[in-house]
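Data block below; observations after.
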Amino acid sequence: MASPGHFLFLGNQDLNGILRGRSVPQARMGEAMAKGLPWVPANLTIGALNGLPPDNGFGALGEIRFVPDPAATVTLGGHQGGPAFDLALCDARQMDGTAWACCPRTALKAAIADLAATGLTMKVALEHEFTVHGLNEPNHVAFSLSAGRAIAPLGQRVMDTLERSGIMLEQFQAEYGASQFEISSVPSDPLSAADRTVLTLETIRDAARCMGLRASFLPKPALDEVGNGVHIHFSLWDGTRNVTCQSDWLTGRSAPFVAGLIDHAESLVPLTVLSANSYARLRPHAWVGAFTCVGLRNREAMIRLVPRAPAADGSSPRASVEYRVCDATANIYLALAALIRAGLAGIAAGSPSPPDVQLDPDTLSAEQRAALRVRPLPAALDAALTPQALADATTWFGPDLAAAYYSCRRHDALQAADHSFDALAAKLSLVY
Ligand code: GLU
Ligand code: MG
């Protein structure tokens with residue numbers, strides 16, 4: 001991995017969805033890759049606008065270690081005479097090398113292992129929408145060739161960088177909103193999907209910077225703009241068989257899992273969308289999924305079932321379930337771990353299949369909503385931070401990680417209260 005003029009950056013995505021870490025010069029790269037680097041526990045909770053949560057439980061105490069995974073790296077080329085950077089993603093471990101209870105990447109590994117114990121594995125592919133500022137293109141025509149051509153130089157640079165590290169993208173395209181674009185990843189196991197997400201987003205931000213542009217994944221750039229979503233497509237597998245969908249609906253294997261996502265939606269959502277800005281995106285009629293429901297090919301549902309080219313026998317080897325209520329402020333490891341934990345809770349409870357909601361759920365009457373188990377999702381961050389959500393996070397991730405995570409969310413809510421929507425969006429747009 002080492003080559004002249006390189007730095008090595010060891011990082012871990014924190015509880016505010018921000019990759020943080022430290023770098024060493026080339027002479028120390030080998031040692032740092034082998035042994036890792038020390039890190040401060042409280043750094044996991046540094047806010048998006050900086051500062052530590054007032055009730056952050058770590059304080060000034062303790063020391064942990066970032067231990068890199070050589071399989072999760074990308075090399076960002078040098079720019080304007082500066083060195084290239086190798087970026088390596090890490091587990092945050094205790095000083096003796098054992099697992100640290102607050103590491104999101106470790107929490108995802110534990111959730112994957114518990115899912116495997118039920119005989120199921122999961123494949124994940126993600127779509128990320130984002131805004132590119134500074135393009136010399138006066139008029140973004142949604143999904144047009146001209147917008148595709150305008151973004152192609154950035155897309156090519158990003159894909160070249162990623163491909164050198166073995167990461168392929170499925171699409172890089174113009175989206176609907178003003179200067180809005182989208183990438184989609186190819187399906188992989190959840191840990192690789194999370195690692196590739198972090199590496200891909202950092203590569204896009206870096207490539208844009210190098211080209212005099214700015215890429216922002218902020219969920220809601222402006223109140224009158226469409227949002228930038230993260231859509232998590234997942235499929236459940238029994239060995240080599242995709243058991244997600246049969247005859248255009250969930251199977252006996254996937255239905256309890258998906259029912260768990262609906263049953264625990266109010267606990268899941270604060271782990272898949274983080275910031276106060278995120279909640280402005282969760283509105284009806286914006287193709288986001290502002291209600292707890294599943295719908296076949298329904299983009300107003302929190303969960304869309306996507307059968308994709310079913311075979312003659314009704315099986316759907318390429319089917320996925322799309323969880324739409326995520327954005328790029330999320331820690332993607334915790335978001336995927338929370339999905340798996342909620343799904344496992346559904347399996348454990350033997351939850352019955354949710355109904356197929358084929359309408360815009362905002363048009364349902366109160367009686368219809370009750371009959372279909374459709375509930376509106378929280379419309380603001382402070383409304384989402386309920387005792388039940390904290391209790392579920394504690395069950396899923398243990399008390400230390402849950403407490404640290406919720407201290408971050410309360411900190412977000414406090415900081416947001418001092419800002420107008422636009423002032424907060426302007427600041428967060430530079431972070432995410
Ligand atoms: N921009 C929408 C969102 O915020 C999604 C639109 C789409 O279906 O691609 O999630
Ligand atoms: Mg899209």
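We count ligands from 1, going down the list as the structure has it; atoms in each ligand are counted the same way.
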Got an N/O contact under 3.5 Å between Gly227 and ligand 1?
yes
Should Glu175 be listed as contacting ligand 1, given a heavy-atom distance under 4.0 Å as the test?
yes
Geometric class of the Phe85/Phe7 ring pair [parallel <30°, tilted 30-60°, perpendicular >60°]:
parallel
Which bit of His231 gets closer than 4.0 Å to ligand 1, counting heavy atoms only: side chain, backbone, both or neither?
side chain
Side chains of Thr121 and Asp189 in contact at under 4.5 Å (non-hydrogen atoms):
no
Are side-chain heavy atoms of Cys90 and Trp39 found at a separation under 4.5 Å?
no
Looking only at protein heavy atoms, which one is nearest to atom 6 (C) of ligand 1, and how far off is it?
Glu129 OE2, 3.4 Å
Salt bridge check, Asp248 against Arg297: does any charged N sit closer than 4.0 Å to a carboxylate O?
yes
Using the six-membered ring wherever Trp is involved, compare the ring planes of Tyr176 and Phe143 and label them parallel, tilted or perpendicular (cut-offs 30° and 60°).
tilted
Does the residue Val288 have a heavy-atom contact with ligand 1, meaning some pair of atoms that are separated by less than 4.0 Å?
yes
Closest approach to the Mg ion (ligand 2) by Glu129, given as the N, O or S atom name:
OE2
Closest heavy-atom approach to atom 10 (O) of ligand 1 among Lys220, Arg324, Arg281, Arg299 is made by Arg281
Give a yes/no verdict on a cation-pi contact between Arg409 and Tyr405, requiring under 6.0 Å between NZ or CZ and the six-membered ring centre and an angle within 45° of the axis.
yes
What is the OE2(Glu175)-the Mg ion (ligand 2)-OE1(Glu182) angle, to the nearest 10 degrees?
90°
